[in-house]
Each structure stands twice: as C-alpha cells, then as structure tokens.
There are 2 protein chains.
Amino acid sequence: MRRSVKSSAGKSAVVRPRRRAARAPAPKPYHHGDLRRVLVEAALQLVGEGGADAVSVREAARRAGVSPGAPFRHFPSRDALMQAVAEEAQRRFRAEIEAALAGAPAGDPLGRFRCLGLAYLRWAMRNPTHFEVISSRRLFDHDRAAAISSDNAELIALTEQTLAEAFVAGQLRPADLKQIQIAGRALVYGFARMNIDGHFPRWGLAAPEAEQTAEAILDLFIEGIAKRR
Amino acid sequence: MRRSVKSSAGKSAVVRPRRRAARAPAPKPYHHGDLRRVLVEAALQLVGEGGADAVSVREAARRAGVSPGAPFRHFPSRDALMQAVAEEAQRRFRAEIEAALAGAPAGDPLGRFRCLGLAYLRWAMRNPTHFEVISSRRLFDHDRAAAISSDNAELIALTEQTLAEAFVAGQLRPADLKQIQIAGRALVYGFARMNIDGHFPRWGLAAPEAEQTAEAILDLFIEGIAKRR
DNA sequence: CAACTGGTGTAATCGGCGCTTACATTCACA
DNA sequence: TGTGAATGTAAGCGCCGATTACACCAGTTG
C-alpha cells in the first residue's frame with residue numbers, strides 16, 4: 001500500500017547480447033537459478049526498511065533483477081510472498097527462542113517461563129518489523145501456513161508445559177493455568193506491538209530503556225502469578 | 001491496500017442538466033455541502049467492512065457521490081483522511097471509557113482501575129476495526145493528531161492517577177507504579193490486538209468466550225498487583 | 001445590479017501497483 | 001537429439017493516490 005518506495009531505477013547498464021560468449025562469466029543467465037529464495041530475501045529486506053506495507057512484488061522483482069511478472073511464477077499472489085516471508089521470519093524467531101531456552105535453568109520451571117518471555121520480548125524489540133510480519137494475520141494467512149502454525153503451536157505447547165511444571169513444583173499461586181498463559185502472551189505481545197505501533201514515545205519510553213522496561217514488566221507479571229514467599 | 005472492494009458502480013442515473021429548474025428539488029447541487037464529514041463517515045464504514053487497509057480515497061468519494069479528486073480538497077492525502085477517521089474513532093472510544101468510569105465505585109480506586117481496563121477491553125473487542133485504526137501509528141500520525149494525543153494523554157493520566165489513589169489507599173503491593181501502568185496497558189492492548197490480529201482461533205478461543213476471558217485475565221493481573229489479604 | 005474573488009467540485013492525467021496473458025528461452029530427460 | 005515443462009520477458013488491464021487545469025457557485029463589494 002501507499003508505495004513510498006521510489007527506487008532509483010537506473011538498470012540501463014549495458015544490455016549485453018544474450019548469447020553467452022565462449023568464456024564469459026554468464027552475465028545474464030535467462031534463468032535466475034534461485035529466484036524464489038532471492039525474492040523472499042528481498043522482501044524481508046524491504047520489511048526491514050519500511051515495514052510490511054513497504055513490500056511490493058515489483059520492487060522485490062527489481063532487486064532480484066527480474067521482470068515484474070517473474071515473481072508470479074513462484075508466488076500466486078503478493079500475500080503468498082508475504083506468507084513465505086513470514087515463514088522465514090518465524091523460523092528465525094523460533095531459533096532464537098530455542099537458543100534462549102537451551103541456556104535456561106533446568107530445575108526452575110518458572111525461571112524457564114521467564115526465559116521464554118524474555119526471549120520473546122527481546123527478539124520482538126530487536127526485530128520489530130520481522131515481528132510485525134509474523135504477528136498479524138492480515139499479512140498472511142496463519143491457518144494456511146502449516147509450518148508457521150505448527151511452529152506457533154509448539155511454542156504455545158511449550159509455555160503450557162512449562163507453566164504446568166511450575167505449578168506442580170509449587171511455584172504458582174492458585175489460578176487457572178490457561179488464563180495465566182493467555183495473560184502472559186497478551187502481555188508480551190502487547191508490549192511488542194506497542195513498540196511496533198509507536199506508542200512508547202507517548203509513554204516517555206525511549207528505545208534503550210524500552211528493553212529493560214520489558215524485563216521489568218515481565219518480572220512484575222511473574223511476581224503476580226508466583227506463590228508469595 | 002489490495003483493494004478487495006468491487007463497488008457496483010452504476011451511478012448512471014439521469015445526468016440531469018445542471019440548471020436547476022424553477023421548482024425542482026435541486027437534484028445535484030454542484031457543491032456537496034458537507035463533503036468532509038460524509039467522507040469520514042464513508043471511510044469509517046469502509047474500515048468496518050474490510051479493515052483499515054480497505055479504505056481508499058476513491059471508494060470513499062464514490063460512496064459520497066463525488067469525483068475521485070474531490071476528497072483532496074478536504075484532505076491533502078489519504079493519511080490525512082485516515083487521521084480524521086482515527087480522531088472520530090478515538091472520540092467514540094473516549095466517550096465509552098468515560099461513561100464506564102462514571103458508573104464506577106467512587107471509594108475503590110482499584111475497582112475504578114478495573115473498570116477502566118474492562119471498558120478498554122470491551123470496546124476493543126466490540127469495535128475491533130475502529131480499535132485497529134486508533135491503535136497503529138501506521139494508519140495515522142499520532143503525534144500530529146493533537147486531538148488524539150491529548151485524548152490519549154488524558155486517558156494515560158487518568159489511569160496513572162487512579163493507580164496512585166489505589167496505592168495511597170493501600171490496595172497495592174509494593175511496586176513501581178509506572179511499571180504497573182505500562183504492564184496493564186500492554187496486557188489490555190495485547191489482548192485487544194490478539195483479537196484483531198486473529199490469534200484467538202489458534203488459542204481455541206471463540207468470539208463469545210473471548211470477552212469473558214478478557215475479564216478473567218484482567219482480574220488475574222489485578223490480583224497480581226493487589227496487596228494480598 | 002454587476003463584477004470580482006475564493007472555495008469547492010470535475011475532468012484528465014501521471015506513475016505505481018497487483019495480476020494476467022501471450023510469447024521466448026532454457027533445462028532436463030526420453 | 002528432440003521435446004515438453006519450467007521459468008523468464010513483454011505488454012497490458014484496472015485499480016490506486018495524487019496533481020493540474022478548468023467549471024461552477026456563493027458571498028462581498030462597489
């Protein structure tokens with residue numbers, strides 16, 4: 001929408017004859033080779049530059065050095081491209097979460113729960129546009145993106161399990177676990193989206209403090225659900 | 001973006017001669033009279049039908065019965081129109097909040113805080129697209145929308161004050177009030193956006209239960225910050 | 001009353017976009 | 001070596017936001 005992308009055009013540089021010379025390094029192979037991946041990367045880059053709305057199929061094609069119609073050989077629609085972009089972003093997100101969880105204390109479920117939330121918040125704060133892509137169903141159809149759905153379902157199951165462990169370990173005050181889980185998700189998701197949606201300036205929160213505030217509200221929440229000592 | 005709007009066009013009905021006949025009821029006055037307001041209403045309607053992205057200046061003009069260029073006499077850009085739409089939505093939101101607060105218990109600050117959160121959640125759940133418009137800075141420039149900014153600043157100040165009252169009344173356990181406020185906001189905002197962004201189906205939350213879950217997580221949060229009895 | 005002036009709408013147009021179709025080129029495999 | 005499928009290009013459709021030149025109308029002023 002509202003393409004703000006201007007694109008410096010150019011591209012006039014020497015339209016070499018297509019016939020590949022005997023020893024020339026194949027200046028313009030007709031077939032790109034890995035266009036699909038390059039398109040996703042270009043789109044991911046566009047997301048990083050101007051948000052999800054700044055992604056246009058044509059611009060991605062331009063950056064990949066192909067004609068405007070070429071991407072439609074690989075993606076039936078712009079939304080399908082965005083879906084692939086979202087899958088890639090989700091892949092990175094998940095890798096981060098799992099890495100964080102690997103370095104979490106084993107015997108302290110609530111501590112692991114905190115690690116999960118912290119990793120979620122950190123990644124969202126440091127990759128706001130990528131987070132934006134995976135957060136809204138408008139940008140891609142979550143239900144159809146099997147990879148994403150299962151990824152997310154796994155993450156949901158993971159927090160559920162962690163919370164259950166924390167409960168049996170006697171770390172939680174009595175409450176509905178499902179409600180705790182949803183509330184926790186709403187908290188971190190809301191904080192991340194407040195960042196994306198530009199709410200923090202109005203709260204007097206600059207970028208550097210935002211991340212430590214994220215940690216603070218997570219701890220506030222956890223204290224709220226933890227059994228008082 | 002990605003106009004899905006089809007618009008049945010038509011509009012061919014009798015292009016009466018412009019000269020107004022002696023007693024005719026002025027079939028097509030050249031000047032619309034209140035185009036600005038009508039455009040905002042049309043845009044608001046479009047938001048309700050297909051989300052914020054479904055708003056196009058041309059479609060709003062179509063529904064107002066004017067030419068595609070006419071809106072630009074009143075709004076320098078589509079974003080300016082969206083800003084006006086957001087101001088209208090924010091006006092309604094604020095009215096709802098204030099009405100809810102009017103019927104809140106006077107001597108119980110924490111109860112009033114709960115009322116605030118509940119009104120926020122309820123309005124957001126029942127007017128998801130309107131909420132979407134006022135929630136994202138992408139759809140309009142919050143900082144330039146003086147009316148909105150001050151509205152929102154007032155709401156922020158209101159919750160801050162309510163929390164402070166709850167604290168002096170001894171209703172809160174020791175904690176940073178600002179952090180409580182931000183956490184509370186993140187919670188309700190996150191829940192509302194999870195609804196907008198279509199997360200709830202993945203959580204097994206249907207529309208009817210969502211609203212009572214909203215209440216439940218709000219209570220969970222409030223119990224977390226309240227002084228234990 | 002007539003003429004001017006400023007506000008508001010129309011018509012035409014521009015470039016960008018998503019997407020489709022027809023055609024060109026190349027690769028992989030029989 | 002030939003041939004079909006895969007993958008690129010070229011051209012074009014209709015939509016969009018936005019701009020410009022022009023038409024119309026209302027209210028003021030002489």
Side-chain angles (χ1 to χ4, degrees), chain A residues 1-9 11 15-20 26-39 42-43 46 50 52-83 85 138-140, chain B residues 1-9 11 15-20 26-39 42-43 46 50 52-83 85 138-140:
Chain A
M1 132 176 45
R2 341 282 155 247
R3 316 286 137 196
S4 48
V5 211
K6 292 305 175 189
S7 169
S8 52
K11 173 77 50 188
V15 188
R16 280 296 170 77
R18 283 293 153 70
R19 308 270 86 242
R20 54 169 62 190
K28 266 271 183 180
Y30 188 87
H31 281 105
H32 186 284
D34 200 5
L35 182 54
R36 190 191 155 93
R37 175 165 303 277
V38 170
L39 284 172
L46 284 169
D53 286 347
V55 178
S56 82
V57 177
R58 292 178 110 98
E59 180 62 23
R62 233 169 266 135
R63 299 199 174 189
V66 296
S67 69
F72 291 92
R73 291 288 179 197
H74 299 270
F75 304 98
S77 69
R78 176 188 182 275
D79 283 355
L81 171 59
M82 292 307 289
Q83 186 165 320
V85 171
R138 286 272 163 70
L139 303 176
F140 72 106
Chain B
M1 127 177 43
R2 342 276 157 254
R3 318 285 135 196
S4 48
V5 211
K6 291 305 173 192
S7 169
S8 52
K11 176 71 55 190
V15 188
R16 279 295 169 78
R18 284 293 152 70
R19 307 272 84 242
R20 53 170 62 191
K28 263 273 183 179
Y30 187 86
H31 282 103
H32 185 286
D34 201 5
L35 182 54
R36 190 191 155 95
R37 176 164 305 276
V38 171
L39 285 171
L46 284 169
D53 285 347
V55 178
S56 82
V57 177
R58 293 179 104 95
E59 181 61 22
R62 233 169 266 135
R63 300 200 174 191
V66 296
S67 68
F72 291 92
R73 290 289 179 195
H74 299 271
F75 304 99
S77 68
R78 177 190 182 274
D79 283 354
L81 170 60
M82 291 307 289
Q83 186 164 322
V85 171
R138 284 273 163 71
L139 303 176
F140 71 105

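Note on naming: letters A, B, ... go to the chains in the order of the sequence lines (proteins, then strands), and numbering restarts at 1 for each one.
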Qualifying residues under side-chain contact (heavy atoms from CB on, under 4.5 Å), relative to Ser77(A), sequence neighbours excluded:
Asp79(A), Ala80(A)
Answer whether the closest heavy-atom distance between the side chains of Val57(A) and Phe72(A) falls below 4.5 Å.
yes
Does Arg78(B) reach the main-chain N or O of Val55(B) with its side chain, forming a donor-acceptor pair under 3.5 Å?
yes
Nucleotide N/O of nucleotides 18-21 of chain D paired with protein N/O under 3.5 Å:
| from | atom 1 | to | atom 2 | distance (Å) |
| --- | --- | --- | --- | --- |
| dA18(D) | OP2 | Arg78(B) | N | 2.6 |
| dA21(D) | N6 | Arg73(B) | NH2 | 3.3 |

Output the rounded distance in Å from CE (Met82(B)) to P (dG17(D)).
11 Å
Rounded to whole Å, CG of Asp34(A) lies from P of dT7(D) at a distance of 11 Å
Between Leu35(B) (CG) and dG7(C) (C1'), how many Å, whole number?
13 Å
Any side-chain heavy atom of His74(B) within less than 4.5 Å of one from Leu81(B)?
no
Measure from the side-chain heavy atoms of His74(B) and tell me the nearest of dG9(C), dC17(C), dG17(D).
dG9(C)
How close or far is atom P of dT7(D) from atom CG of Leu39(A), stated in whole angstroms?
12 Å
Return the value, rounded to whole Å, for the distance between atom CG of Asp53(A) and atom P of dG16(C).
19 Å
Among the nucleotides dC17(C), dG9(C), dC16(D), which one has an atom lying closest to any side-chain atom of Arg62(A)?
dC17(C)
For Phe75(A) and dT7(D), what is the distance between atoms CZ and P respectively, to the nearest whole Å?
12 Å
If I compare all heavy atoms of Pro71(A) with all of Ala61(A), which pair ends up nearest, and what's the gap?
CG-CB, 3.6 Å
Tell me whether the OP1 or OP2 atom of dC17(C) has a side-chain N or O from Ser56(A) closer than 4.0 Å.
yes
Please identify each residue that fulfils salt bridge (charged side-chain N to carboxylate O under 4.0 Å, His left out) with Arg36(A), with sequence neighbours left out.
none
